[in-house]
S.K.: 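Quick one: this structure, given as structure tokens, is what I'll be asking you about.
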Amino acid sequence: MTHQNIVAQVIELITQLPDMRSPAHITEKTGLTGDLGLDSLKVMDLVVLVEDHFDISVPVNELADIKTVGEFATLIGKIVDKHA
Amino acid sequence: MKENARLLAVQAVRQELATLGIDPFGIQIDEILSPTEGLIQGRQTILAGTNNYLGLTFDPDCIAAARDALQSSGTGTTGSRMANGSYAAHRELELDLARFYGKRDAIVFSTGYQANLGMISALAGPGDTVLIDADSHASIYDGCNLSGANTIRFRHNDPEDLAKRMRRLGDEAANAVVVIEGVYSMLGDRAPLREFVDVKNQFGATLLVDEAHSMGVLGEKGQGLCEETGTLDGIDYVVGTFSKSLGNTGGFCVGDAEEMDVLRYASRPYVFTASLPPATIAATRMALRKLEAAQDLRQRIRENSARLHAGLSALGFRLGAPANAVVAVLAGEKIEALRFWHHLLKHGVYVNVMVPPATPGNESLLRCSVSAAHTPEQIDAICAAFASWPGHNAGHQ
């Protein structure tokens, strides 16, 4: 799974969150809290969606430094590789 | 000093409350009149927002024990047990707790918060994995943070989701620590303990259960949900608090593991804090004896909980869980919930208001905690105050 592939899947998952607009404006550089305005609860909702979709567990302590869609995709890729 | 973004965020919330003229998080009880009544803003108020489940805070024997210890042993210990010495009574309380649970040993901490902080951070470290229920108390999250371990959340009260995440860990699952609560403080809902013990056994992991809100309330002896569900033998560590049913302050952990001998020395929240004062230890030892024999009080709390739950249900309120010592009314949007809370206070009833993100499901709560010391008339008065909220027929059915 390439990084760009994971980014695309994360963007698709973000659009499944309530009150989220179309994926057209979301890119790798989009900030999860800053640009998308996700509060801490919505971020955790997104984490659950990601965990189910990729069949992984994302440690809470790894999320502290995640600011953008691209950084989240990098973390997901790292965890997916570890499980493989 | 440069701007602190976190403090600015708190300041914004404080400002919002000040604009509303409602401050539930700065409430002052000017005088405590009894376990169930206080003087707030000049008004005699029913206290339904404490955790005084058995109503032992004014028990004459507990007060006498505290007074005797105060006179014989002084006001405080002035240091930590490891650095400055334990008093004999600290160890005696640990032996009392171990005997009460039928476990090999116990460790006493200075608060319930520190008990979770101290146990989790002593059991796990960097490179280890702790799996916690998503609705865990802040003390559990903070304990994980202090431990430096990988922290994985599983869906609230969902043993199958835990099992799925344990499977993903592979060989590491046997070294993982699983942390759950018996009864959850926000909604008062109970964990499926038997199923969680089965998952823990399947993978050979370690299970820690926080019984803060069920000790004294559930089980014939008052050991909590672990006793009621017959799962005590399958739980490695039970954590609890002195600040709810026991009517004091402090926390503890009991367990059978050999590690109990060394855990305290590996626990920074145990090592680097002052130990509990003699009066607190003495009153808690007396309260524990009372708690064990308090079948009558447990019956009272069941009756009071059922009465409040039925009364609020009949009024059309949505409640968080079946009847239990915590009865939580789902109160929707934050500002409306704050106004509702203020209305109850003006009508002589103090409850807790909880707002997101501290609440599950992104909904505000008006949380009542029931005491064995509440009279049926007080329970009815609580229901009457809820009924008098003008919005209750419109928005909360």
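Source: prediction; values computed, not measured. The sequence lines fix the lettering, A, B, ..., with proteins before strands; numbering per chain opens at 1.
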S.K.: Output the option from Ala134(B), Ala149(B), Cys144(B), Pro356(B) having the highest count of non-hydrogen pairs under 4.5 Å with chain A.
M.R.: Ala149(B)
S.K.: Phe154(B): which residues meet the ring pair (Phe, Tyr, Trp, His ring centres under 6.0 Å) condition with it, sequence neighbours left out?
M.R.: Phe196(B)
S.K.: Within the supplied structure, the quantity of interest is the number of heavy atoms (other residues, nucleotides, ligands) at a distance under 6.0 Å from Arg167(B) CZ; does it exceed 12?
M.R.: yes
S.K.: Select, from Ile152(B), Leu169(B), Asn150(B), the one with the greatest count of heavy-atom pairs under 4.5 Å involving chain A.
M.R.: Asn150(B)
S.K.: What pairs meet the salt bridge (Lys or Arg N to Asp or Glu O under 4.0 Å) rule with one or both residues in residues 46-57 of chain A, with sequence neighbours excluded?
M.R.: Glu51(A)-Arg165(B), Asp52(A)-Arg155(B), Asp52(A)-Lys164(B), Asp55(A)-Arg168(B)
S.K.: Classify the side-chain pair Asn145(B)/Asn61(A) by whether it contains a donor and acceptor separated by less than 3.5 Å.
M.R.: no
S.K.: Counting only heavy atoms not in Asp65(A), do more than 12 sit closer than 6.0 Å to its CG atom?
M.R.: no
S.K.: Spell out the residues in residues 37-49 of chain A that have some non-hydrogen atom less than 4.5 Å away from a non-hydrogen atom of chain B, in order of number; otherwise answer 'none'.
M.R.: Ser40(A), Leu41(A), Met44(A), Val48(A)
S.K.: Once rounded to the nearest 0.5 Å, what's the spacing between atom OG of Ser57(A) and atom CG of Asp161(B)?
M.R.: 8.0 Å
S.K.: For residues 177-185 of chain B, give me every residue with a non-hydrogen atom less than 4.5 Å from any non-hydrogen atom of chain A.
M.R.: none
